[in-house]
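Each remark here refers to the structure printed beneath this line.
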Number of protein chains: 2
Amino acid sequence: MRIGELAERSGTSRDTIRFYEKNGLITSTPGNNATNNYRDYPEDNLVRLDFFTKARDAGMSIADLKDIIDAMAGRCDRSVAESVLRAKVDDLKERAEQIRRVIAFLEQGLDAARSGDT
Amino acid sequence: MRIGELAERSGTSRDTIRFYEKNGLITSTPGNNATNNYRDYPEDNLVRLDFFTKARDAGMSIADLKDIIDAMAGRCDRSVAESVLRAKVDDLKERAEQIRRVIAFLEQGLDAARSGDT
DNA sequence: TCAAACTGTGGACTAAGGTCAATTGTTTTC
DNA sequence: GAAAACAATTGACCTTAGTCCACAGTTTGA
């Protein structure tokens with residue numbers, strides 16, 4: 001599909017898609033029409049973009065995503081790829097832990113406010 | 001205490017402390033010496049900075065922190081403050097949920113890699 | 001067939017969250 | 001009492017993650 005359709009269907013803007021592509025997060029092929037240089041974006045980019053959106057929301061950086069893509073594309077050997085992914089998972093777990101701590105702190109503040117309320 | 005000591009003890013750089021102060025996240029008083037304009041940073045800024053560090057790590061923005069500080073300082077009425085805090089907690093919970101989803105996805109990738117390994 | 005909509009390219013711009021450096025004045029410390 | 005360390009202020013600079021704009025060429029719907 002062309003970039004417009006991908007943008008439409010993924011909910012990611014053209015500019016952002018191009019930005020991701022420039023950063024090696026997604027790939028496209030030259031397209032079958034020789035008269036233009038419109039590129040073709042394979043269907044699987046939909047899944048990818050969906051993942052990127054979720055992962056960015058989870059606080060991961062473009063660099064993180066690049067590492068993951070490279071690891072999953074088998075651009076390096078299996079054990080290295082595995083440790084890359086494991087490291088990302090660990091980072092996420094740590095972040096989740098941190099969030100839990102902050103939630104606890106804020107809820108404590110809420111409780112204090114309520115009990116001081118009476 | 002003066003900014004240098006606060007920086008030292010909190011592990012936050014002077015520049016960052018000043019940046020936070022400019023953004024209304026921490027407060028200082030004029031200091032008791034009339035000949036200089038060195039400011040005094042009360043002890044409780046240590047707790048505050050520690051919280052900021054954790055909260056930033058958890059993905060909260062400076063604007064989020066400002067909202068929380070304002071709410072907790074009673075700069076608005078109790079019920080408003082409460083709903084501000086509750087909203088922040090909800091945001092964090094949503095983020096934690098998102099992280100869980102991303103972890104699940106990555107772990108699935110790891111499992112797939114391992115089973116394809118044999 | 002012709003205007004509207006789409007495409008690629010390139011570069012400028014933005015906002016957030018700091019960080020760095022220069023300058024001037026004030027303490028500390030040897 | 002002089003050098004080293006610290007403080008305030010200002011403004012420039014940096015990175016990340018996009019977003020916007022202008023240009024020229026291409027497709028497409030009426």
Side-chain angles (χ1 to χ4, degrees), chain A residues 1-42 45 48-69 88 91 95 98 102, chain B residues 1-42 45 48-69 88 91 95 98 102:
Chain A
M1 78 188 83
R2 298 203 302 223
I3 198 169
E5 188 184 346
L6 181 59
E8 175 80 15
R9 290 175 60 190
S10 67
T12 305
S13 78
R14 270 159 234 252
D15 280 334
T16 299
I17 292 172
R18 293 220 170 88
F19 172 74
Y20 285 171
E21 186 168 13
K22 195 165 36 178
N23 282 278
L25 293 190
I26 71 170
T27 45
S28 60
T29 57
N32 56 345
N33 188 331
T35 70
N36 64 28
N37 55 343
Y38 290 7
R39 304 192 60 84
D40 180 70
Y41 293 80
N45 280 312
R48 222 174 243 216
L49 284 173
D50 183 57
F51 169 66
F52 292 161
T53 302
K54 286 181 177 23
R56 296 271 315 113
D57 246 44
M60 304 191 90
S61 69
I62 300 295
D64 285 332
L65 298 182
K66 181 77 165 79
D67 291 344
I68 290 170
I69 287 302
K88 298 304 175 189
D91 286 355
R95 187 181 297 262
Q98 197 72 346
V102 175
Chain B
M1 77 189 84
R2 298 202 304 222
I3 197 168
E5 188 184 346
L6 181 60
E8 175 79 16
R9 291 174 61 191
S10 68
T12 306
S13 79
R14 272 160 231 253
D15 280 333
T16 298
I17 291 173
R18 293 218 171 89
F19 172 75
Y20 284 171
E21 186 169 10
K22 194 165 36 176
N23 284 278
L25 293 190
I26 70 168
T27 45
S28 61
T29 58
N32 56 345
N33 188 331
T35 70
N36 64 27
N37 56 344
Y38 290 6
R39 304 192 60 82
D40 181 69
Y41 293 81
N45 279 311
R48 223 174 242 217
L49 285 172
D50 183 57
F51 169 65
F52 292 161
T53 303
K54 287 182 179 18
R56 295 272 315 115
D57 246 45
M60 303 190 91
S61 69
I62 299 295
D64 285 332
L65 298 182
K66 181 78 166 77
D67 291 345
I68 291 170
I69 287 302
K88 298 304 175 190
D91 286 355
R95 188 183 295 265
Q98 198 71 347
V102 175

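Every chain is numbered from 1, with letters handed out A, B, ... down the list of sequences.
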Task: Set of residues satisfying side-chain contact (heavy atoms from CB on, under 4.5 Å) with respect to A:Phe51, sequence neighbours excluded - done: A:Ala55, A:Leu65, A:Ile68, B:Val102, B:Phe105, B:Leu106

Open item on the list: Tell me the interatomic distance from A:Met1, atom CE, to C:dC6, atom P, rounded to whole angstroms.
Closed with: 16 Å

- [ ] Provide the start and end nucleotides, 5' to 3', of the part of DNA chain D that has atoms under 4.0 Å from heavy atoms of chain B.
- [x] D:dC6 to D:dT9

Open item on the list: According to salt bridge (Lys or Arg N to Asp or Glu O under 4.0 Å), who are the partners of B:Arg56, at least two apart in sequence or on a separate chain?
Closed with: none

Task: Which atom of B:Tyr20 lies closest to which atom of B:Leu49, heavy atoms considered - done: CD1-CD2, 3.7 Å

Open item on the list: Taking salt bridge (Lys or Arg N to Asp or Glu O under 4.0 Å) as the definition, give me every residue that meets it alongside B:Arg9, ordered by chain and number, with sequence neighbours left out.
Closed with: B:Glu5, B:Glu43

Task: Partners passing side-chain contact (heavy atoms from CB on, under 4.5 Å) against A:Asn33 (at least two apart in sequence or in another chain) - done: A:Thr35, A:Asn36

- [ ] Check side-chain contact (heavy atoms from CB on, under 4.5 Å) between B:Arg18 and all other residues, then give those that pass, not counting sequence neighbours.
- [x] B:Ile3, B:Arg14

TODO: State which residues pass salt bridge (Lys or Arg N to Asp or Glu O under 4.0 Å) with A:Asp50; sequence neighbours excluded, sorted by chain then number.
DONE: A:Lys54

TODO: Please determine if a side-chain N or O atom of A:Arg39 lies less than 4.0 Å away from the OP1 or OP2 oxygen of C:dT7.
DONE: no

TODO: Mind checking side-chain contact (heavy atoms from CB on, under 4.5 Å) for A:Glu8 and listing every partner two or more places apart, or none if nothing turns up?
DONE: none

TODO: Using a 4.0 Å heavy-atom cut-off, write out nucleotides 16-27 of chain C from 5' to 3' as B (base contacted by protein), S (sugar-phosphate only) or - (no contact).
DONE: -BBSB----BBS

Open item on the list: Output the rounded distance in Å from CG (A:Asn32) to P (C:dT7).
Closed with: 14 Å

